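For reference, the structure is listed below as structure tokens.
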Amino acid sequence: MTNKEVRVRFAPSPTGNLHIGGVRTAIFNWLFAKANSGKFILRIEDTDQNRYDENSEKSILSSLEWLSLDWDEGPFRQSERKDLYGNIAKKLVDSGWAYYDDTTSEELEELRQLQIREKRPPRYDNRGRYKEISHEYYEKNKDSKQIVVRFKVPDGGNKPFNDEIRGKVEFNLKEIDDFVILKSDGMPTYHLAHVVDDHEMKITHVIRGEEWISSTPRHVLIHDAMGWDYPKYVHVPLILGKDKSKLSKRHGAESALEYKDKGYLPEAIFNFLALLGWSPGDNSEIMTIDEIIEKFSVDRILGHPAVFDPEKLEWMNASYIRNLEDNTLSKMIIKEVDRPKEKGGLVSEKVSIEDITNRISILTPLIRERLRNVSESSFLLEYFFYDDLEIKKETLLPKKVEPKSIIDGLTKSITLIDEEKKFEPENLEEKFRELAKNSGLKAGQLFFPIRIALTGRKESPPLFDTMCAIGKEKSINRLYSAISIIKS
RNA sequence: GCCCCGUUGGUGUAGUGGCCUAACACGCCUGCCUUUCACGCAGGAGAUCACCGGUUCAAAUCCGGUACGGGGUACCA
């Protein structure tokens, strides 16, 4: 290969949110550009007027931005380049590589039904080839009639191409019918538009999903007809859900932005997705983006689909959270919980975001190791701010211990807390151990009911850290109400 | 149906002809740590490398077939 500049593109169509699979394709493109000091170009393939969704371009862009997949050029929009494709289509007609076809959709449907009935593969029968419709006829009638431009696929022979991952891939041209390159609304189809754009934009490597592999011969054919050089083709494997079907909403969140909302870190998503269908080959898993760029190469991309495992993503996200700076994590937690309590946050008439902010520096260390994604923050922090714990009597009473001695222990605990000047975890632990001993209880037998009383939960951060974070007064109150629950 | 691509523990991957009695990570289980959970640490279970045949002194690795999975088969991308 010559040492010309590497240029790749990510070319989503604005028909909805950016999918996890699309994100992964974008990541591979971006990585390849970075690894080769090339350019990453963003192109919006908006040639389908029917499926166009005006919000999705914005959503796609913000997904890419969230993941720091910055592009060097674009976004270009195909809808703004309509004339270009029309001209190429016309050229192809002139050179005999394409022709106008006015077969109606009804006729096409009729054809299809017949073929299905006769158990033949449903396929266009190239009937338009023989109609010999002229440019003049097309120009005069294109607005009133349904006329498309179809590419004239050679009747036989093979059209092999090289896929960088799989090697030589061969298709018999008999399998391919004359496909539409310009639709009756004057818009190009994907096949024409992307070939033209990739050529115009000097794309050197087409890195795209595996679903394109079977239409690649068409793309090659268009290149041939125009006398253009081929880009290198890299078809990356698809991402499947747990049941091995194409990843979809059924498998949980599927768009990048949903993961953002769920409290995942972009670095974790990036790292995780980079490892789906690709591996550095040296056992590295948690890597910085720079490390991934350094290790990335196309020949380590696999040729088979990967199953998306949400549990491993959780693990990886948790790992990233653990490595965050305290301040960074605190800010993220604050942002997450800064919503009304009814909407999954912690803010209410009683608790303001300032209250939370003031205490966050002691709370963050308590929950960080228990946080798999930031959206769990409200749940883990709730009892530090709210007293209305739901506690059942049974949970306060460990088996094999008399309720009386629990009440006794809790009562003494209140006194201890009340009289303790040095309200610090280490000191409290020491005192409480002593208290347990003197009350004839094992440490756990005393600590367990206290934990329930304080938090309403069976699991929490270390008891005395929790107690200190809750505060002296509130701790006492909660112990009182626990006692009254036992007595009730 | 037809065409294309693929197939290593439940999942992601390592392995590119002898070092493979198959490695790493997630998950699962056990133990340790500990007042609980989590983290961390130490172990464990789990794969006849889809199957069958061939090439070779030697195959997870090369070849062929079968099965299975995925993709495509639109005036969608």
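Both backbone and side-chain heavy atoms feed into the values below; hydrogens, waters and symmetry mates do not. Bear in mind the structure is a predicted one, so any value in this text is a computation, not a measurement. To find a chain, count down the sequence lines: A is the first, B the second, and so on, and within it residues start at 1.
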Which pairs, protein N/O on one side and nucleotides 60-67 of chain B N/O on the other, fall under 3.5 Å?
none

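- Listed by first and then second residue, the ring-ring contact (aromatic ring centres under 6.0 Å, His included) pairs involving residues 100-119 of chain A are A:Tyr100-A:His135, A:Tyr100-A:Tyr138 (not counting sequence neighbours).
- A:Gly277 comes within 4.0 angstrom of the backbone, heavy atoms only, and of no base.
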Worksheet item: What string of B, S and - do you get for nucleotides 70-77 of chain B, 5' to 3', when a contact is any protein heavy atom under 4.0 Å?
Response: SSSSSBBB
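- With hydrogens and angles ignored, no donor-acceptor pair under 3.5 angstrom links the side chain of A:Arg166 to the base of B:rC5.
- What separates NZ of A:Lys168 from P of B:rC5 is a distance of 11 Å, to the nearest Å.
- Remark: P of B:rG12 and CZ of A:Arg24 are 12 Å apart, rounded to the nearest angstrom.
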Fill in: Contact state string [nucleotides 14-33 of chain B, B base, S sugar-phosphate only, - no protein heavy atom under 4.0 Å]
SS--------SBBS------
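- In this structure, NZ of A:Lys174 is placed 16 Å from C1' of B:rC4, rounded to the nearest angstrom.
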Please output the side-chain donor-acceptor pairs of residues 452-462 of chain A that fall under 3.5 Å, not counting sequence neighbours, one pair per line with the distance.
unit_1: A:Thr455; atom_1: OG1; unit_2: A:Arg451; atom_2: O; d: 2.8
unit_1: A:Thr455; atom_1: OG1; unit_2: A:Arg457; atom_2: N; d: 2.9
unit_1: A:Thr455; atom_1: OG1; unit_2: A:Arg457; atom_2: O; d: 3.2
unit_1: A:Arg457; atom_1: NH1; unit_2: A:Phe379; atom_2: O; d: 2.8
unit_1: A:Arg457; atom_1: NH2; unit_2: A:Phe379; atom_2: O; d: 3.0
unit_1: A:Arg457; atom_1: NH2; unit_2: A:Glu382; atom_2: OE1; d: 3.2
unit_1: A:Ser460; atom_1: OG; unit_2: A:Arg451; atom_2: NE; d: 2.9

Pairs of donor and acceptor atoms involving the side chains of residues 437-449 of chain A, under 3.5 Å and at least two apart or interchain, shall be tabulated with distances.
unit_1: A:Asn438; atom_1: ND2; unit_2: A:Glu434; atom_2: O; d: 3.4
unit_1: A:Ser439; atom_1: OG; unit_2: A:Leu435; atom_2: O; d: 2.7
unit_1: A:Gln445; atom_1: OE1; unit_2: A:Lys442; atom_2: N; d: 2.9

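- Looking at A:Arg166 and A:Asp163, a side-chain N of the basic residue comes within less than 4.0 Å of a carboxylate O on the acidic one, giving a salt bridge.
- Under a 3.5 Å cut-off, the side chain of A:Ser413 and the backbone N or O of A:Gly409 do form a donor-acceptor pair.
- Looking at heavy-atom distances under 4.0 Å, A:Arg322 makes contact with sugar-phosphate atoms alone, never a base.
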